[in-house]
Amino acid sequence: MEIKFFKPKSKILQKYIEGYYFLTNKKSDTIVEYFTFPNNFSIISIIENAEIIYSENRGIIKEKAENSFSSDLICHYKKPIKLSYEGTINEITFYFKPLGLNAFLYKTLCHYTNNFFASFIPFEDYKETFITILNEKDIDYKIDLIENYWLSKLKGFEHPFLENVLTDLKEEFTITELAKRYNTSRQNLTKHFETNLCKSPSDFKKIQRFRNTLKNNITKTTKDNLTTLSYDSLFYDQSHLIKDFKSLTGLTPKNFFKNISSQENGEVSWLFV
(Lines give C-alpha, C1' and ligand atoms only; values in the text may rest on other atoms or scores of the structure.)
Protein backbone atom coordinates (compact mmCIF):
# COMPACT_ATOMS: atom_id res chain seq x y z
CA MET A 1 0.00 0.00 0.00
CA GLU A 2 1.17 3.52 -0.83
CA ILE A 3 -0.25 6.67 0.78
CA LYS A 4 0.59 10.23 -0.24
CA PHE A 5 -0.73 13.01 2.00
CA PHE A 6 -1.14 16.62 0.85
CA LYS A 7 -2.16 19.96 2.30
CA PRO A 8 -4.20 22.22 -0.01
CA LYS A 9 -2.06 24.50 -2.15
CA SER A 10 -4.84 27.05 -2.39
CA LYS A 11 -4.85 29.51 0.52
CA ILE A 12 -8.62 29.75 0.14
CA LEU A 13 -9.08 25.98 0.51
CA GLN A 14 -6.70 25.85 3.47
CA LYS A 15 -9.44 27.54 5.51
CA TYR A 16 -11.80 24.62 4.89
CA ILE A 17 -9.76 21.49 4.11
CA GLU A 18 -7.16 20.09 6.51
CA GLY A 19 -5.69 17.79 3.88
CA TYR A 20 -6.25 14.82 1.60
CA TYR A 21 -4.42 11.68 0.63
CA PHE A 22 -4.13 9.33 -2.33
CA LEU A 23 -4.12 5.66 -1.41
CA THR A 24 -3.15 2.94 -3.86
CA ASN A 25 -3.11 -0.76 -3.13
CA LYS A 26 -1.94 -3.37 -5.64
CA LYS A 27 -3.37 -6.81 -6.19
CA SER A 28 0.00 -8.28 -5.26
CA ASP A 29 0.09 -6.41 -1.92
CA THR A 30 -0.65 -8.35 1.23
CA ILE A 31 -3.94 -7.53 2.97
CA VAL A 32 -3.46 -4.35 5.01
CA GLU A 33 -5.41 -3.74 8.21
CA TYR A 34 -5.32 -0.71 10.49
CA PHE A 35 -7.36 1.17 13.08
CA THR A 36 -8.29 4.81 12.58
CA PHE A 37 -9.48 6.89 15.52
CA PRO A 38 -12.20 9.54 16.04
CA ASN A 39 -11.60 13.13 15.01
CA ASN A 40 -13.76 16.20 14.44
CA PHE A 41 -13.20 16.38 10.70
CA SER A 42 -15.80 15.55 8.06
CA ILE A 43 -14.20 12.74 6.06
CA ILE A 44 -15.02 11.93 2.44
CA SER A 45 -13.57 8.73 0.97
CA ILE A 46 -13.89 8.22 -2.80
CA ILE A 47 -13.02 4.84 -4.27
CA GLU A 48 -13.20 3.39 -7.77
CA ASN A 49 -13.79 -0.24 -8.74
CA ALA A 50 -14.05 -1.50 -5.18
CA GLU A 51 -16.69 -2.90 -2.89
CA ILE A 52 -16.96 -1.40 0.58
CA ILE A 53 -18.58 -3.48 3.30
CA TYR A 54 -19.32 -1.48 6.44
CA SER A 55 -20.51 -2.79 9.76
CA GLU A 56 -20.28 -1.23 13.19
CA ASN A 57 -16.72 0.11 13.59
CA ARG A 58 -15.48 -2.12 10.75
CA GLY A 59 -14.83 -1.54 7.06
CA ILE A 60 -13.61 -3.98 4.40
CA ILE A 61 -12.53 -2.52 1.06
CA LYS A 62 -12.22 -5.13 -1.69
CA GLU A 63 -11.41 -4.94 -5.37
CA LYS A 64 -14.53 -5.25 -7.52
CA ALA A 65 -15.37 -5.40 -11.21
CA GLU A 66 -14.91 -2.22 -13.21
CA ASN A 67 -17.48 0.60 -13.42
CA SER A 68 -18.15 0.79 -9.70
CA PHE A 69 -17.79 4.03 -7.76
CA SER A 70 -18.37 4.91 -4.14
CA SER A 71 -18.17 8.13 -2.19
CA ASP A 72 -18.86 7.99 1.54
CA LEU A 73 -19.16 10.69 4.16
CA ILE A 74 -18.07 9.83 7.71
CA CYS A 75 -18.49 12.26 10.59
CA HIS A 76 -20.31 10.35 13.34
CA TYR A 77 -17.88 7.81 14.69
CA LYS A 78 -16.86 7.78 18.36
CA LYS A 79 -14.98 4.47 18.45
CA PRO A 80 -11.96 3.14 16.55
CA ILE A 81 -12.71 1.88 13.05
CA LYS A 82 -10.81 -1.12 11.75
CA LEU A 83 -10.24 -0.99 7.99
CA SER A 84 -8.80 -3.64 5.70
CA TYR A 85 -7.77 -3.40 2.04
CA GLU A 86 -7.76 -6.32 -0.38
CA GLY A 87 -6.74 -6.21 -4.05
CA THR A 88 -6.31 -3.23 -6.36
CA ILE A 89 -7.65 -0.09 -4.71
CA ASN A 90 -7.57 3.52 -5.93
CA GLU A 91 -8.78 5.99 -3.29
CA ILE A 92 -8.87 9.69 -2.47
CA THR A 93 -9.81 10.72 1.06
CA PHE A 94 -10.49 14.29 2.17
CA TYR A 95 -10.35 15.70 5.69
CA PHE A 96 -12.55 18.79 5.93
CA LYS A 97 -12.13 21.03 8.97
CA PRO A 98 -15.00 20.88 11.50
CA LEU A 99 -17.23 23.45 9.78
CA GLY A 100 -15.39 23.32 6.46
CA LEU A 101 -17.61 21.06 4.38
CA ASN A 102 -20.65 23.24 5.08
CA ALA A 103 -19.03 25.93 2.94
CA PHE A 104 -19.50 23.76 -0.17
CA LEU A 105 -22.97 22.32 0.46
CA TYR A 106 -26.43 23.65 -0.35
CA LYS A 107 -27.91 22.13 2.80
CA THR A 108 -26.52 21.76 6.30
CA LEU A 109 -24.23 18.81 6.97
CA CYS A 110 -26.84 16.78 8.86
CA HIS A 111 -28.96 16.50 5.68
CA TYR A 112 -26.23 14.36 4.09
CA THR A 113 -25.69 11.87 6.89
CA ASN A 114 -27.50 10.49 9.91
CA ASN A 115 -25.50 7.34 10.45
CA PHE A 116 -21.97 6.01 10.88
CA PHE A 117 -21.38 6.51 7.16
CA ALA A 118 -23.50 7.72 4.25
CA SER A 119 -23.28 7.65 0.48
CA PHE A 120 -22.23 11.13 -0.58
CA ILE A 121 -22.89 12.44 -4.10
CA PRO A 122 -23.63 16.14 -3.46
CA PHE A 123 -23.44 17.55 -7.01
CA GLU A 124 -24.58 16.42 -10.45
CA ASP A 125 -21.04 16.47 -11.88
CA TYR A 126 -19.41 14.97 -8.77
CA LYS A 127 -19.16 11.31 -9.84
CA GLU A 128 -17.98 12.04 -13.38
CA THR A 129 -15.41 14.55 -12.15
CA PHE A 130 -13.89 12.27 -9.53
CA ILE A 131 -13.73 9.27 -11.86
CA THR A 132 -11.57 11.46 -14.11
CA ILE A 133 -9.47 12.56 -11.14
CA LEU A 134 -9.00 9.01 -9.84
CA ASN A 135 -7.67 7.93 -13.22
CA GLU A 136 -5.25 10.85 -13.64
CA LYS A 137 -1.65 9.63 -13.33
CA ASP A 138 0.11 12.99 -13.10
CA ILE A 139 0.06 13.89 -9.38
CA ASP A 140 0.50 17.64 -9.87
CA TYR A 141 -2.30 17.80 -12.42
CA LYS A 142 -4.45 15.59 -10.23
CA ILE A 143 -4.04 18.04 -7.35
CA ASP A 144 -4.93 20.95 -9.64
CA LEU A 145 -8.10 19.16 -10.79
CA ILE A 146 -9.12 18.49 -7.19
CA GLU A 147 -8.51 21.99 -5.93
CA ASN A 148 -10.14 23.67 -8.94
CA TYR A 149 -13.20 21.49 -8.47
CA TRP A 150 -13.67 22.33 -4.80
CA LEU A 151 -13.04 26.02 -5.51
CA SER A 152 -15.78 25.92 -8.15
CA LYS A 153 -18.23 24.63 -5.50
CA LEU A 154 -17.28 27.06 -2.74
CA LYS A 155 -20.20 29.20 -1.61
CA GLY A 156 -19.06 30.09 1.92
CA PHE A 157 -20.53 29.45 5.35
CA GLU A 158 -21.61 31.85 8.05
CA HIS A 159 -23.04 31.17 11.48
CA PRO A 160 -23.80 33.66 14.25
CA PHE A 161 -21.64 31.94 16.86
CA LEU A 162 -20.41 28.42 16.03
CA GLU A 163 -16.96 29.41 14.74
CA ASN A 164 -16.34 31.39 17.93
CA VAL A 165 -17.61 28.52 20.07
CA LEU A 166 -15.14 26.12 18.44
CA THR A 167 -12.34 28.54 19.24
CA ASP A 168 -13.51 28.86 22.84
CA LEU A 169 -13.66 25.08 23.21
CA LYS A 170 -9.87 25.11 23.09
CA GLU A 171 -10.01 26.80 26.50
CA GLU A 172 -11.39 25.49 29.78
CA PHE A 173 -15.03 26.46 29.22
CA THR A 174 -17.85 24.09 30.12
CA ILE A 175 -20.69 23.63 27.62
CA THR A 176 -23.05 25.49 29.97
CA GLU A 177 -20.62 28.40 30.21
CA LEU A 178 -20.33 28.55 26.43
CA ALA A 179 -24.11 28.62 26.00
CA LYS A 180 -24.34 31.50 28.46
CA ARG A 181 -21.43 33.31 26.76
CA TYR A 182 -23.36 33.32 23.46
CA ASN A 183 -26.78 34.09 24.97
CA THR A 184 -28.31 30.76 24.11
CA SER A 185 -29.41 27.61 25.90
CA ARG A 186 -27.40 24.43 26.18
CA GLN A 187 -30.17 22.66 24.24
CA ASN A 188 -30.02 25.18 21.40
CA LEU A 189 -26.22 25.00 21.29
CA THR A 190 -26.47 21.22 21.01
CA LYS A 191 -28.98 21.54 18.17
CA HIS A 192 -26.61 23.79 16.19
CA PHE A 193 -23.71 21.39 16.76
CA GLU A 194 -25.71 18.38 15.60
CA THR A 195 -27.00 20.26 12.55
CA ASN A 196 -23.67 21.65 11.35
CA LEU A 197 -21.10 19.26 12.85
CA CYS A 198 -23.06 16.02 13.36
CA LYS A 199 -21.75 15.84 16.94
CA SER A 200 -22.87 17.05 20.32
CA PRO A 201 -20.74 19.75 22.01
CA SER A 202 -19.59 17.26 24.65
CA ASP A 203 -18.53 14.67 22.04
CA PHE A 204 -16.74 17.37 20.05
CA LYS A 205 -14.88 18.56 23.13
CA LYS A 206 -13.94 15.01 24.15
CA ILE A 207 -12.49 14.25 20.71
CA GLN A 208 -10.72 17.61 20.58
CA ARG A 209 -8.97 16.93 23.91
CA PHE A 210 -7.90 13.53 22.57
CA ARG A 211 -6.53 15.05 19.37
CA ASN A 212 -4.74 17.79 21.31
CA THR A 213 -3.06 15.07 23.37
CA LEU A 214 -1.77 13.44 20.17
CA LYS A 215 -0.29 16.73 19.02
CA ASN A 216 1.20 17.52 22.42
CA ASN A 217 2.78 14.09 22.67
CA ILE A 218 4.06 13.80 19.11
CA THR A 219 5.44 17.32 18.66
CA LYS A 220 7.55 17.35 21.84
CA THR A 221 11.12 16.11 21.70
CA THR A 222 10.61 14.03 24.82
CA LYS A 223 7.40 12.42 25.97
CA ASP A 224 6.07 13.96 29.15
CA ASN A 225 4.52 11.90 31.89
CA LEU A 226 0.76 11.36 31.71
CA THR A 227 -0.01 13.90 34.42
CA THR A 228 1.68 16.74 32.52
CA LEU A 229 0.15 15.57 29.26
CA SER A 230 -3.29 15.52 30.92
CA TYR A 231 -3.13 19.13 32.04
CA ASP A 232 -1.55 20.36 28.80
CA SER A 233 -4.50 18.88 26.90
CA LEU A 234 -7.16 20.22 29.31
CA PHE A 235 -8.11 16.91 30.90
CA TYR A 236 -9.16 17.17 34.54
CA ASP A 237 -6.49 14.70 35.63
CA GLN A 238 -4.62 11.56 34.56
CA SER A 239 -7.63 9.31 35.25
CA HIS A 240 -9.75 11.43 32.92
CA LEU A 241 -7.10 11.10 30.18
CA ILE A 242 -6.94 7.31 30.55
CA LYS A 243 -10.74 6.96 30.56
CA ASP A 244 -11.17 8.95 27.36
CA PHE A 245 -8.29 7.17 25.61
CA LYS A 246 -9.83 3.79 26.37
CA SER A 247 -13.20 5.03 25.10
CA LEU A 248 -11.85 6.50 21.84
CA THR A 249 -9.06 4.03 21.04
CA GLY A 250 -9.68 0.87 23.07
CA LEU A 251 -6.15 1.25 24.47
CA THR A 252 -4.40 2.89 27.39
CA PRO A 253 -2.36 6.00 26.46
CA LYS A 254 0.89 4.08 27.01
CA ASN A 255 -0.04 1.30 24.58
CA PHE A 256 -1.55 3.74 22.11
CA PHE A 257 1.54 5.96 21.81
CA LYS A 258 3.77 2.89 21.65
CA ASN A 259 2.09 1.63 18.49
CA ILE A 260 0.61 4.63 16.69
CA SER A 261 1.65 5.72 13.19
CA SER A 262 1.03 9.40 12.46
CA GLN A 263 1.19 11.86 9.62
CA GLU A 264 0.93 15.64 9.68
CA ASN A 265 1.47 16.16 13.41
CA GLY A 266 -1.11 13.64 14.50
CA GLU A 267 -4.02 14.80 12.33
CA VAL A 268 -4.11 11.40 10.61
CA SER A 269 -3.36 8.65 13.10
CA TRP A 270 -3.49 4.95 12.32
CA LEU A 271 -2.53 1.81 14.15
CA PHE A 272 -1.51 -0.97 11.76
CA VAL A 273 -2.23 -4.57 12.76
Side-chain angles (χ1 to χ4, degrees), residues 13-18 36-44 56-57 72-81 94-118 120 122 153-216 230-237 239-249 266-267 269:
L13 290 179
Q14 287 171 12
K15 180 179 178 182
Y16 307 101
I17 300 175
E18 179 66 28
T36 182
F37 302 97
N39 58 53
N40 285 323
F41 299 136
S42 297
I43 303 169
I44 301 171
E56 186 176 2
N57 304 118
D72 294 315
L73 172 62
I74 303 171
C75 48
H76 284 280
Y77 74 111
K78 304 175 189 177
K79 301 287 184 181
I81 300 175
F94 294 93
Y95 285 76
F96 281 81
K97 294 183 177 182
L99 290 170
L101 187 53
N102 287 283
F104 301 86
L105 303 176
Y106 293 103
K107 297 180 181 179
T108 52
L109 188 63
C110 70
H111 284 88
Y112 297 86
T113 175
N114 59 5
N115 207 337
F116 160 57
F117 77 99
F120 183 74
K153 301 301 181 184
L154 180 62
K155 63 177 187 59
F157 175 77
E158 293 184 3
H159 190 278
F161 57 76
L162 268 184
E163 289 189 12
N164 291 330
V165 170
L166 297 191
T167 299
D168 287 343
L169 273 174
K170 297 175 183 177
E171 307 298 331
E172 295 186 69
F173 288 103
T174 67
I175 305 304
T176 300
E177 288 170 341
L178 284 172
K180 184 177 180 180
R181 186 180 177 91
Y182 292 95
N183 299 313
T184 189
S185 66
R186 184 179 176 123
Q187 291 79 8
N188 191 49
L189 183 61
T190 298
K191 178 182 177 182
H192 283 279
F193 263 74
E194 291 177 344
T195 298
N196 297 284
L197 293 156
C198 294
K199 292 179 179 69
S200 70
S202 57
D203 283 338
F204 187 97
K205 187 174 183 180
K206 178 180 179 179
I207 292 170
Q208 180 171 276
R209 276 194 303 254
F210 164 67
R211 286 285 163 178
N212 285 342
T213 307
L214 300 195
K215 286 184 179 181
N216 289 337
S230 300
Y231 292 124
D232 284 349
S233 303
L234 301 183
F235 287 94
Y236 303 123
D237 52 30
S239 296
H240 186 203
L241 169 70
I242 293 171
K243 179 182 177 182
D244 277 9
F245 258 72
K246 285 184 177 179
S247 171
L248 295 170
T249 71
E267 295 297 1
S269 300

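Note that these values count all heavy atoms, side chains included, but never hydrogens, waters or copies made by symmetry. Just so it is clear, the structure is predicted and the values come from calculations on it, not from any experiment.
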What's the separation between atom [atom1] in [X] and atom [atom2] in [Y], rounded to the nearest 0.5 Å?
| X | Y | atom1 | atom2 | value |
| --- | --- | --- | --- | --- |
| T108 | L197 | OG1 | CG | 10.5 Å |
| C198 | N40 | SG | CG | 11.5 Å |
| L248 | R211 | CG | CZ | 9.0 Å |
| I44 | C75 | CD1 | SG | 9.0 Å |
| T249 | F210 | OG1 | CZ | 6.0 Å |
| N212 | K205 | CG | NZ | 11.5 Å |

Minimum heavy-atom separation for [X] to [Y], with atom names?
| X | Y | value |
| --- | --- | --- |
| N57 | P80 | CB-O, 3.4 Å |
| K199 | I207 | CE-CD1, 3.9 Å |
| H192 | H159 | ND1-NE2, 2.9 Å |
| P98 | F204 | CB-CE1, 3.8 Å |

### Message
Going by the rule side-chain contact (heavy atoms from CB on, under 4.5 Å), which residues pair with P201 if we only count those two or more places apart in sequence or in a different chain?
### Response
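In terms of side-chain contact (heavy atoms from CB on, under 4.5 Å), with neighbours along the sequence ignored, P201 is linked to I175, L189, T190, F193.
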### Listed partners of K243 passing side-chain contact (heavy atoms from CB on, under 4.5 Å), at least two apart
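In terms of side-chain contact (heavy atoms from CB on, under 4.5 Å), with neighbours along the sequence ignored, K243 is linked to no residue.
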Just wondering, do [Y] and [X] contact through their side chains at under 4.5 Å, heavy atoms?
| X | Y | result |
| --- | --- | --- |
| I242 | K246 | yes |
| N39 | Y77 | yes |
| I43 | Y95 | yes |

### Query
Between S202 and S200, is any side-chain donor less than 3.5 angstrom from a side-chain acceptor?
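Indeed, the side chains of S202 and S200 share at least one donor-acceptor pair under 3.5 Å.
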### Task
State whether the side chain of Y16 and the backbone N or O of N102 hold a donor-acceptor pair below 3.5 Å, judged by distance alone.
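Not at all, since once roles are kept as given, no pair shorter than 3.5 Å links the two residues.
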### Task
Report yes or no: does Q208 contribute a side-chain atom to a donor-acceptor pair with the main-chain N or O of L169 at less than 3.5 Å?
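Yes; judged by distance alone, with no hydrogens or angles, the pair exists.
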### Message
Does K155, at its NZ atom, have more than 12 non-hydrogen atoms belonging to other residues, nucleotides or ligands within less than 6.0 Å?
### Response
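Above 12, so yes.
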### Message
Would L101 and L73 count as a side chain to side chain contact (heavy atoms under 4.5 Å, CB included) here? Give the steps.
### Response
CA-CA 10 Å; L101 187 53; L73 172 62; 3.8 Å; yes
### Task
Quick one: do S247 and K79 satisfy side chain to side chain contact (heavy atoms under 4.5 Å, CB included)? Show the steps, please.
CA-CA 7 Å; S247 171; K79 301 287 184 181; 3.9 Å; yes
#### Entry: Partner of F96 under ring-ring contact (aromatic ring centres under 6.0 Å, His included), chosen from Y112, F104, F157
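The single option meeting the ring-ring contact (aromatic ring centres under 6.0 Å, His included) with F96 is F104.
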Enumerate donor-acceptor pairs with a distance under 3.5 Å from any side-chain N or O in residues 161-168 to protein atoms, sequence neighbours excluded.
{"residue": "T167", "atom": "OG1", "partner": "E163", "partner atom": "O", "Å": "3.2"}
{"residue": "D168", "atom": "OD2", "partner": "R181", "partner atom": "NE", "Å": "2.9"}
{"residue": "D168", "atom": "OD2", "partner": "Y182", "partner atom": "OH", "Å": "2.5"}

